[in-house]
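Here the structure comes first, spelled out in structure tokens, and everything after it is commentary.
Only this structure's heavy atoms are used, side chains among them; waters, hydrogens and symmetry mates stay out. Every chain is numbered from 1 and lettered A, B, ... according to where its sequence line falls, protein lines coming before strand lines.
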Number of protein chains: 2
Amino acid sequence: MKAESRFNLEEWCGLLRYDGVVPQASPPSDRALLRSDAERNRRRILAAARKLIAERGLGVGYHEIAQEADVGVGTVYRRFPTRDRLFQELFQDRVAAVVAIAEEALTIEDPWLGLCLFMQRDFELQSADRGLREFLLGRVDSPDLARRSRERIQPLVTRLVERAQEAGRLRPDVGQSDIAIILAMIGNLIDSSLHVDPDLWRRYLAIVLDGIQRGDLRDELPGKPPDQPQLDRILPGWVPPRRGQGAPRDPESAPRRGAARSSARS
Amino acid sequence: MKAESRFNLEEWCGLLRYDGVVPQASPPSDRALLRSDAERNRRRILAAARKLIAERGLGVGYHEIAQEADVGVGTVYRRFPTRDRLFQELFQDRVAAVVAIAEEALTIEDPWLGLCLFMQRDFELQSADRGLREFLLGRVDSPDLARRSRERIQPLVTRLVERAQEAGRLRPDVGQSDIAIILAMIGNLIDSSLHVDPDLWRRYLAIVLDGIQRGDLRDELPGKPPDQPQLDRILPGWVPPRRGQGAPRDPESAPRRGAARSSARS
DNA sequence: GTGAAAGCGGACGGCAGTGTCAACTTCCTC
DNA sequence: GAGGAAGTTGACACTGCCGTCCGCTTTCAC
């Protein structure tokens with residue numbers, strides 16, 4: 001069982017206690033006071049959205065959220081005229097959790113272990129929340145929103161990378177952005193394989209970590225290669241369903257939505 | 001420049017001459033003879049579909065294909081009542097090309113090199129054709145279609161893997177399906193990064209190959225980590241645009257489409 | 001040249017998701 | 001407990017894509 005030696009370290013590290021609940025973000029402080037019923041509905045909407053989006057990603061429709069929250073669509077639109085407004089509210093605590101994970105990882109003595117652990121914990125978080133994966137990748141209407149979140153995490157990752165390099169355990173030609181790409185790549189694998197083998201990503205994380213480390217300490221890979229039926233269920237889920245218009249229209253143009261013409265309220 | 005020693009081998013191997021053109025699949029042989037104008041339109045539709053699908057993936061609409069082919073929608077539907085019918089026609093030569101690559105890779109003396117080269121050439125093919133990536137992953141209406149194609153490739157990959165393991169260059173705990181997953185993972189990276197840095201995938205392929213090899217011969221990584229603006233353009237393209245209904249409804253149920261109720265022609 | 005089978009085209013109805021708005025309800029203040 | 005501001009609701013109009021259908025055109029065999 002030594003195979004997992006690198007991957008269950010948190011057990012004896014006793015660190016990183018994030019377990020899904022976070023000290024409720026700011027109560028009605030900056031935002032104007034809402035009437036009691038409005039506030040109640042607002043919470044219900046957030047709860048519903050959190051649940052649906054964690055399961056199915058940022059694409060869930062307002063109507064569905066409204067239904068889950070037992071509220072009219074109009075209410076959802078009134079409270080969150082923009083999807084981004086909703087996402088911001090939803091994910092600020094999740095982003096904080098990722099930041100916390102990175103900070104804790106920085107306190108671990110062995111820098112390489114710290115980096116590995118950060119990635120592992122991050123994926124564990126991502127496994128539980130499809131919306132978070134998509135949010136951090138920036139598939140929201142205003143790219144800035146997610147970028148700002150990523151900017152809170154990046155410096156910490158940079159530090160993790162540098163530490164591991166200084167310790168001579170990480171290849172010197174690996175940059176912080178490589179880690180970002182790897183996080184995205186494996187996050188994607190999680191999307192596709194979660195429903196078949198929720199731990200499959202550990203295997204490929206191990207491969208990639210072996211690929212970016214320096215030296216040749218390699219344990220056995222965790223888990224097993226997927227068998228044929230598993231593979232047949234994993235692969236087709238990999239690519240967007242239809243409407244593959246896909247090609248991420250490179251130019252930073254693409255306004256993508258009029259963003260609620262009216263209601264120029266504030 | 002020794003950095004690329006493992007990745008440009010085909011230059012001195014002088015192998016794998018696939019360059020996008022393939023000896024036109026069977027002419028009107030098994031399929032009933034078409035009237036001359038119909039045959040002409042058929043070709044135009046295929047050409048248009050090939051072009052659009054290579055650029056933008058399997059999601060392009062029939063209407064758009066019809067427009068590109070300068071033909072009515074009805075004609076496209078008449079000729080290819082099912083998307084799968086069209087895809088089959090479109091991709092049989094591409095699949096043959098992948099098979100050819102694998103076969104050639106099997107003739108290379110050094111088995112590890114053979115495996116590396118197969119993957120590299122496969123990605124080069126995939127870089128040129130987004131539709132091919134999606135097709136091989138099986139995101140088509142009938143999963144069987146793509147599965148049958150994959151089944152032509154798999155035994156060859158299995159052989160490549162075994163050879164490399166027998167030579168002691170590939171970790172013994174890596175299976176053929178691991179290669180499939182890796183192909184999908186990096187194919188996905190290609191989707192997202194092609195428009196920013198068409199060769200970025202080589203970097204992560206190198207990382208993964210280092211991760212699955214045995215021993216510690218590691219060259220410098222090809223390319224450079226993406227810089228910040230590049231990253232900001234790569235990540236948001238990673239995840240499907242909207243309609244993230246995503247969660248690949250596990251059960252093999254999901255009929256997904258009535259598949260042309262009428263036209264029970266044949 | 002001609003008749004009819006084969007083929008063509010694109011307007012049209014269907015469907016799914018989105019966001020709005022005018023009529024109605026609830027809450028809070030005085 | 002009354003008045004009005006704040007909030008709620010869901011039907012509806014809109015959009016965009018899908019696939020069909022029927023009146024018209026073209027080809028080909030004779």
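- Look at A/D37 and A/R40 and you find no salt bridge, because none of the NZ, NE, NH1 or NH2 atoms lies under 4.0 Å from a carboxylate O.
- With D/dT20, C/dA6, C/dT18 as the choices, the nucleotide that has an atom nearest any side-chain atom of A/R83 turns out to be C/dT18.
- The interatomic distance linking B/E39 (CD) with D/dC28 (C1') rounds to 16 Å, in whole Å.
- B/R78 has its CZ atom 13 Å from the C1' atom of D/dC24, to the nearest Å.
- Taking 4.0 Å as the cut-off between side-chain N and carboxylate O, B/E124 and B/R202 count as a salt-bridged pair.
- No salt bridge links A/E89 with A/R79; every basic N to acidic carboxylate O contact stays at or beyond 4.0 Å.
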Pairs: protein N or O with nucleotides 10-13 of chain D N or O, under 3.5 Å:
from: D/dG10; atom 1: O6; to: A/G74; atom 2: N; distance (Å): 3.4

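- Nearest nucleotide to the A/R79 side chain, out of D/dA6, C/dA5, D/dT8: D/dT8.
- Taking atom CZ on A/R42 and atom P on D/dA6, their separation rounds to 18 Å, with Å as the unit.
- One atom, CZ of B/R40, and another, C1' of D/dT25, lie 12 Å apart when rounded to the nearest Å.
- Computed from coordinates, the A/L86 CG to C/dG19 C1' distance equals 15 Å when rounded to whole Å.
- Other residues, nucleotides and ligands contribute at most 12 non-hydrogen atoms within 6.0 Å of the CD atom of A/Q67.
- Here the C1' atom of nucleotide C/dT25 and the CG atom of A/N41 are 12 Å apart, to the nearest Å.
- C/dT26 atom P lies 18 Å from atom CG of A/L34, rounded to whole Å.
- For the pair B/D37 CG and C/dA5 C1', the interatomic distance rounds to 12 Å; values are reported in whole Å.
- A 4.5 Å side-chain heavy-atom check between A/L125 and A/R121 finds every atom pair outside the cut-off.
- Partner B/L194 forms a side-chain contact (heavy atoms from CB on, under 4.5 Å) with one of B/I190, B/D197, B/V196 and no other, that one being B/I190.
- For A/Y77, taking side-chain heavy atoms from C-beta onward, the closest of the listed nucleotides C/dG7, C/dT18, D/dC28 is C/dT18.
- Using a 3.5 Å distance cut-off with no hydrogens or angles, the side chains of A/D122 and A/Q126 do pair a donor with an acceptor.
- Proximity of B/S36 to the phosphate of D/dC28: a side-chain N or O atom is located under 4.0 Å from OP1 or OP2.
- Applying the 3.5 Å distance criterion, the base of D/dT26 shares a donor-acceptor pair with the side chain of B/R35.
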